[in-house]
Structure formats: C-alpha cells, structure tokens
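What follows is a short report on a single structure.
Since the structure is predicted, the reported quantities are computational estimates derived from the model, not experimental observations.
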There are 2 protein chains.
Amino acid sequence: MPELIEQESVDEKQLLEESVDYFVSFVQMFGLQKSVGQIYGMLFVTEEPVTMDRIISVLGISKGSASQGLALLKSLGAVTSHSIEGDRREYFEADLNVSRIVTHFFEERLTPRLSHGDQKLERMLRLADVEGKGSSPIMGRLQALKKWQNRGLSLIPRLLKWL
Amino acid sequence: MPELIEQESVDEKQLLEESVDYFVSFVQMFGLQKSVGQIYGMLFVTEEPVTMDRIISVLGISKGSASQGLALLKSLGAVTSHSIEGDRREYFEADLNVSRIVTHFFEERLTPRLSHGDQKLERMLRLADVEGKGSSPIMGRLQALKKWQNRGLSLIPRLLKWL
DNA sequence: TGCTTAGTTCAATAAAAAATGAACTCGATG
DNA sequence: CATCGAGTTCATTTTTTATTGAACTAAGCA
C-alpha cells in the first residue's frame, strides 16, 4: 500500500470541497476574492504544509492567483510559510486566525471609508450652514446623520476588543 | 426673480454632490449599487418630495435604475412616497432610517450566509469524524471554527438590538 | 558566473455585477 | 373604452472586478 501524497480518500475529497466552499463564502462576506477562500479552505483541511504548485494543481487556479492569494493570507496572519532544507519551494499552512481576518476587514475596508465619510459630512454641514437657514430640515437631517455616524464609529473599537 | 424648480444655488449643487458621494460610499459598504446611493443622497438633501423623472434628469441615471433603486429604498423604509391630487406621478422623499438599512444588510446578506455556513460546517464535522481520528488536528480546527461561528452568530441579535 | 526554477508582477482577458432602455402593464382621464 | 403616460420588467450592453499567464526577478546550485 504505497503512501503517495496524491492519494486521498473519498471522504477527504469531500471534506476538501466542503471546506473550500465554506471559506469561499466566508471571505466573500468580507469582499475578498473567491481564490483567497479556495486557498484557505484547502489549507484549513490539510494537515501537512503544502507547496504553491500543489495548491495550483489541486484547486486548478493560476500561478498569479495563488501567489497573490497566499500573499494576502500571509499579510492577514491566516497562513504561515517556511522553507525546508534542500528545497527551494516554500511550504504553506493555515493558521486559524479568525480575529485577524475580521480585524483586517475593519481596518482596511471599513475604517478608511468611515473616516472619509466623516470629512464629507463635515463639509456638508458647513455647506448647509452657509445657506443661511441654520435650522432647516436639511440641517436637522445632517445633524441626525452625524449622530449615527459617531455611533457607528464608536462601535468599531468595541467590536475589535470583543474579538 | 422667477422661482423655477430647476434653479439651484452653487452651494445647493455642491451639497447635492457631497451627499450623493457620501451615500454612494455608504451603501457600497453594504453591497448595494451605486445608483441606490445616488438616489438616496439626492433625496436626503432635497426638502420637497420629487418625482422619478426629476431624479432621472438630476442624476442622469436610467428609468430602470431609478425604478429599481426606489423600490429597494422603499422596501428598506429609507424612502416614502405619496401621490398628489390630479397628478399621476409619485412623489418620493427620504426618511432618515439608518438602522433599517443596516438591519436589512444583516438580515438579507449576512444571516443567510452564516446559516448556510453552519450547515456546511456540520457536514464537515461529520466527514472529519468518520475519518476515524476523532482527535486529529483537522478535527480540532473544525471545532475551533465552530466556536467562532457561534460567537459571530450570537453577535448579530445583539448588534440589531443596539441599533 | 551561468542555469534552473520558485515566486512576483501586471497587462490582457474572462467573469460577475450593475446600468440601460425598449417593450410592457395598468390605472387614470377624456 | 381608447389613449396617455407613470412605473415596472428584464434581455442586452456597459462597467467593474477577478483571474490568467507570459515576462520578469532573484535565490540556490554546479
């Protein structure tokens, strides 16, 4: 009974597929590409570290996607890599690091947008004020919106602490 | 000094642009189309109710986008409409209803995905268990993942209550 | 120091998502 | 009860986003 690395039981194949599916769906909630979810899904159910060419052949994705996806996952702390003596290739494995992924999402996607929105809202308040009518219905809406925005902004650090 | 509805001061035009920009960015955080943000942004800084053809001409969007965008915004409770005696057209206006928009996002986009993921995760646990090794590293990862998922799932109702 | 090849980059291509607009519905009006 | 036109629908087109793959970089080895 040869122990080739290519050998996988039916169950292992199913598990791989489920995992890939699961994480594709997961990362898409956070606006990341499908390929990132595929890679993480594969690594998540693979015990031994794997090389990039293995990822490419198992998932059927391109070298470019694999390289970029792995780079992103490494930057998230969701994947680690190391090299092996006498082998030029890198070996990748999953790190179960849900909070890092979610934190990255907040800090890279949400917070910049919110602070950009903050500036916009200040400008709108100034414009609406210059209009003369300091207590126009529009002014009231803008002030209410500002309250909401501050509420949202204050939620983020609390969420990150909770993670 | 004729009081045509088309007349707008420079400031009003700027305010409109800022508002449109602001809400385009806002709704895109929740995966809604640009046109939805444009429409809401316009209505938000427009005191009097406006007709659909006005929205179309001011924003330069198509009838289809306007109709679908308004339908979505109405379903969110972010826009209300009424008709006027002797005028077939509907008149739309903004309702400052941030929580409805965010709640919709959670209920329509996040929750279905999470519960779908829940089923997937259960199947994965069964598959990993059948493999024999009840305490394999993979099994450990899956169990840790399940904890995270339950944590996330329990967060949603709390967030919705907070809104 | 030149060769091989693992990994990166990015312009070109493919896939996915959103916007368009023409055909349609349907209620109001003369 | 025929016509008008406001609003809807959805197949087509456009725009946006993700993926590909060939050229490139550079690290290890002879």
Expressed as a whole number of angstroms, how long is the span from Met52(A):CE to dT5(C):C1'?
11 Å
Could you state the atom-to-atom distance from CD1 of Ile84(A) to P of dG28(D) in whole Å?
15 Å
Test of understanding: with side chain to side chain donor-acceptor pair (under 3.5 Å), list the residues that count as partners of Thr46(A), not counting sequence neighbours.
none
Test side chain to side chain donor-acceptor pair (under 3.5 Å) applied to Ser115(B) - qualifying residues, sequence neighbours left out
none
Distance check needed: dT8(D) P versus Phe92(B) CZ, whole Å only.
6 Å
What is the distance from OH of Tyr91(B) to C1' of dG7(D), rounded to the nearest Å?
14 Å
The side-chain contact (heavy atoms from CB on, under 4.5 Å) partners of Ser67(B) (sequence neighbours excluded) come to Met52(B)
Leu114(A): partners by side-chain contact (heavy atoms from CB on, under 4.5 Å), with sequence neighbours left out:
Leu153(A), Ile156(A), Met29(B)
Kindly indicate whether the side chain of Phe92(B), heavy atoms from C-beta on, has any atom under 4.5 Å from the side chain of Ile39(B).
no
Residue pairs passing the ring-ring contact (aromatic ring centres under 6.0 Å, His included) test where at least one lies in residues 8-38 of chain B, sequence neighbours excluded:
Phe23(B)-Tyr40(B), Phe23(B)-Phe44(B), Phe26(B)-Phe30(B), Phe30(B)-Phe105(B)
Does anything in residues 63-80 of chain B come within less than 4.0 Å of DNA chain C? Heavy atoms only, and list the residues if so.
Gly64(B), Ser65(B)
Using a cut-off of under 3.5 Å, enumerate the N/O to N/O pairs linking the protein to nucleotides 27-30 of chain C.
residue	atom	partner	partner atom	Å
dG27(C)	N2	Arg88(B)	NH1	2.9
dG27(C)	N2	Arg88(B)	NH2	3.0

To the nearest Å, how far apart are Leu59(A) CG and dA18(D) C1'?
16 Å
Taking side-chain contact (heavy atoms from CB on, under 4.5 Å) as the test, write out the residues that go with Ser75(B), two or more places apart.
Leu72(B)
Compare all side-chain heavy atoms of Leu16(B) with those of Met42(B) and state whether any distance is below 4.5 angstrom.
yes
What pairs with Ser99(B) under side-chain contact (heavy atoms from CB on, under 4.5 Å), at least two apart in sequence or on another chain?
Trp148(A), Asn97(B), Leu163(B)
What is the distance from CD1 of Ile61(A) to P of dA18(D), rounded to the nearest Å?
15 Å
Among residues 31-43 of chain A, which residues get a heavy atom nearer than 4.0 Å to DNA chain D?
Gln33(A), Lys34(A), Ser35(A)
For atom CG of Asp53(B) and atom P of dG5(D), their distance in whole Å:
12 Å
Calculate the interatomic distance between Arg89(A) atom CZ and dA26(D) atom P; express it in whole Å.
22 Å
Residues passing the side chain to side chain donor-acceptor pair (under 3.5 Å) test with Arg123(B), sequence neighbours excluded, are Glu18(A)
ring-ring contact (aromatic ring centres under 6.0 Å, His included) contacts touching residues 54-88 of chain B (sequence neighbours left out):
none
